Amino acid sequence: MPELPEIETIRMSLAPVLIGKTVQKITVYKKELRWTVDVGDLNTWVKNSRIVGVERRAKYLLFEMHNGATVVVHLGMSGRLGLFDENDTMEKHTHIVFDLTPTLQLRYRDPRRFGYIFVTPPGKLELHPRIKNLGVEPLSGRFHAEYVLSLSMSKRSVKSILMDAAVVAGVGNIYANEALFYAHIHPAKPVCELSCETCSNLVAAVKNVLNCAIASGGTTLNDFRNGRGEPGFFQLELAVYGRAGKPCQNCGAEILRVVQNQRSTFYCPECQK
DNA sequence: CTAAGCGCCTGCATGC
DNA sequence: TGCATGCAGGCGCTTA
């Protein structure tokens, strides 16, 4: 489900509600997610502690506690975080519930359980194995044409590089496909063959498509919702993702679907060389 | 070291 | 209606 724009959308919807609230109770209904939830850590660092920040790094949501600990949440493919009244029906696959007031709950739901949640003690976030190897944030100034050019010893395809979190953190399958379309680059093109100008176009396309998706509240293909349960609308603006067999918006050629690294790739054979 | 493939899970759409 | 198949916003681990 969620790539950087969806996580950012969730972050923005949750932050104003969560900041300042104290976690009163934590109920773990199923701790077998991608990795087993450490309930002891949650009780030690999160229960009875106040939330002072809601941040994002790559596709991770970071809940900063007053005691300096951080709750790190990854939503995998099907994870959702949402605000509910305690009397709201508990949806199937709700695995963790945080009580924030006598009636307000933050619920973590994840049918496929590819997501996970862990706590890092004060000062230890950047040392965590899942965090320490993350590449640059695509919307930061550290993601620039020279950075992409510096990878030019690699023969890997440009799409697999874009989706490698150790290189650029947060770009997933939808937005890699979309950015390559706008940059007019064939997804299978090896990065070592990209010109300086092409790298520049790629960086600009990535930033632009991510910013546009955030402005549209993310992409809701199936089940993505923000923290208030509202869908996004960027699916209406997708140029290539999921459009196999349909005409290219630029040239009218048929959009193709191929499989690269076990993931669907969509592109226009005329516009992307 | 790099790069590609496998498998984790449930739900949904499609075809017979 | 039932069943089999394929596919899905991710990513760590294993293998070559």
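Because only heavy atoms are used, hydrogens play no part in the values below, and waters and symmetry mates are left out as well, while side chains stay in. All figures in this text were calculated on a predicted structure; none of them were measured in a lab. A note on names: the letters A, B, ... follow the listed sequences, proteins ahead of strands, and every chain is numbered from 1.
- Grouping Ile, Leu, Val, Met, Phe, Trp and Tyr residues whose side-chain heavy atoms lie under 4.5 Å apart, directly or via other members, places A/Tyr267 in a hydrophobic cluster with A/Leu256, A/Val258.
- Between A/Ser264 and the phosphate of C/dA8, there is a side-chain N or O to OP1/OP2 separation shorter than 4.0 Å.
- Note on A/His74: every side-chain N or O is 4.0 Å or more away from OP1 and OP2 of C/dG10.
- The listed nucleotides are B/dA3, C/dG10, B/dA4; the one nearest the side chain of A/Asn261 is B/dA4.
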Please set out all donor-acceptor pairs under 3.5 angstrom arising from side-chain atoms of residues 16-28 of chain A, sequence neighbours excluded.
{"residue": "A/Lys21", "atom": "NZ", "partner": "A/Val17", "partner atom": "O", "Å": "3.0"}

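- One finds a salt bridge joining A/Glu137 and A/Arg57 here, because a Lys/Arg side-chain nitrogen approaches an Asp/Glu carboxylate oxygen to under 4.0 Å.
- Rounded to a whole Å, the CG atom of A/Leu33 is 14 Å from the C1' atom of C/dG10.
- Using a 4.0 Å heavy-atom cutoff across all strands shown, A/Tyr116 reaches sugar-phosphate atoms only and no base atom.
- Remark: of the listed residues A/Val52, A/Val73, A/Val119, A/Thr70, A/Val73 is the sole one forming a side-chain contact (heavy atoms from CB on, under 4.5 Å) with A/Phe63.
- Partners of A/Asn67 under the side-chain hydrogen bond (donor to acceptor under 3.5 Å, both in side chains) rule, at least two apart in sequence or in another chain, are A/Ser49.
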Exercise for the section: Starting at the 5' end of DNA chain C, write a dot or bracket for each base, bracketing those in Watson-Crick or G-U wobble pairs whose two distances are under 3.5 Å and using | for partners on another strand. Expected result: .|||||||.|||||||

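- Residues that satisfy the ring pair (Phe, Tyr, Trp, His ring centres under 6.0 Å) test with A/Phe266, not counting sequence neighbours, are A/Tyr241.
- Atom name P, nucleotides B/dC9 and C/dC3: the rounded distance is 23 Å, in whole Å.
- At a threshold of 4.0 angstrom between heavy atoms, the contacts of A/Tyr241 are confined to the sugar-phosphate backbone, with no base atom among them.
- Salt-bridge annotation for A/Asp164 and A/Arg156: present, with a side-chain N of the basic residue lying under 4.0 Å from a carboxylate O of the acidic one.
- Remark: C1' of C/dG12 and CZ of A/Arg130 are 6 Å apart, rounded to the nearest angstrom.
- A/Arg228 meets the salt bridge (Lys or Arg N to Asp or Glu O under 4.0 Å) test with A/Glu230; sequence neighbours excluded.
- Against DNA chain B, the stretch residues 158-169 of chain A makes no heavy-atom approach under 4.0 Å.
- Rounded to a whole angstrom, the distance from the P atom of C/dG12 to that of B/dG11 is 24 Å.
- By the side chain to side chain contact (heavy atoms under 4.5 Å, CB included) test, A/Ser200 is found to be paired with A/Ala145, residues two or more places apart in sequence or in another chain being considered.
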Exercise for the section: Would you mind building the protein contact string for nucleotides 8-14 of chain B? One character per nucleotide, 5' to 3', B for base within reach (heavy atoms under 4.0 Å), S for sugar-phosphate only, - for untouched. Expected result: BBBS---

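- Atoms CZ (A/Arg263) and C1' (B/dA3) sit 16 Å apart, rounded to a whole Å.
- The distance between atom NE2 of A/His128 and atom P of C/dC11, rounded to the nearest whole Å, is 14 Å.
- A straight line from CG of A/Asp110 to P of C/dG10 spans 13 Å, rounded to a whole angstrom.
- Comparing C/dC7, B/dC6, C/dC11 by their nearest atom to the side chain of A/Arg257 picks out C/dC7.
- Other residues sharing a hydrophobic cluster with A/Leu236 under the 4.5 Å side-chain heavy-atom criterion for ILVMFWY residues are A/Phe233.
- Between the CH2 atom of A/Trp35 and the C1' atom of B/dG7 there is a distance of 13 Å, given to the nearest Å.
- A straight line from NZ of A/Lys155 to C1' of B/dC1 spans 14 Å, rounded to a whole angstrom.
- Whole-Å rounding puts the A/Phe266 CZ to C/dA8 C1' distance at 10 Å.
- Through direct or relayed side-chain contacts under 4.5 Å between Ile, Leu, Val, Met, Phe, Trp and Tyr, A/Ile131 connects to A/Trp35, A/Tyr60, A/Leu62, A/Val72, A/Tyr116, A/Phe118, A/Leu125, A/Leu134.
- Listed by chain and number, the residues in a side chain to side chain contact (heavy atoms under 4.5 Å, CB included) with A/Phe114 are A/Met77, A/Arg112 (sequence neighbours excluded).
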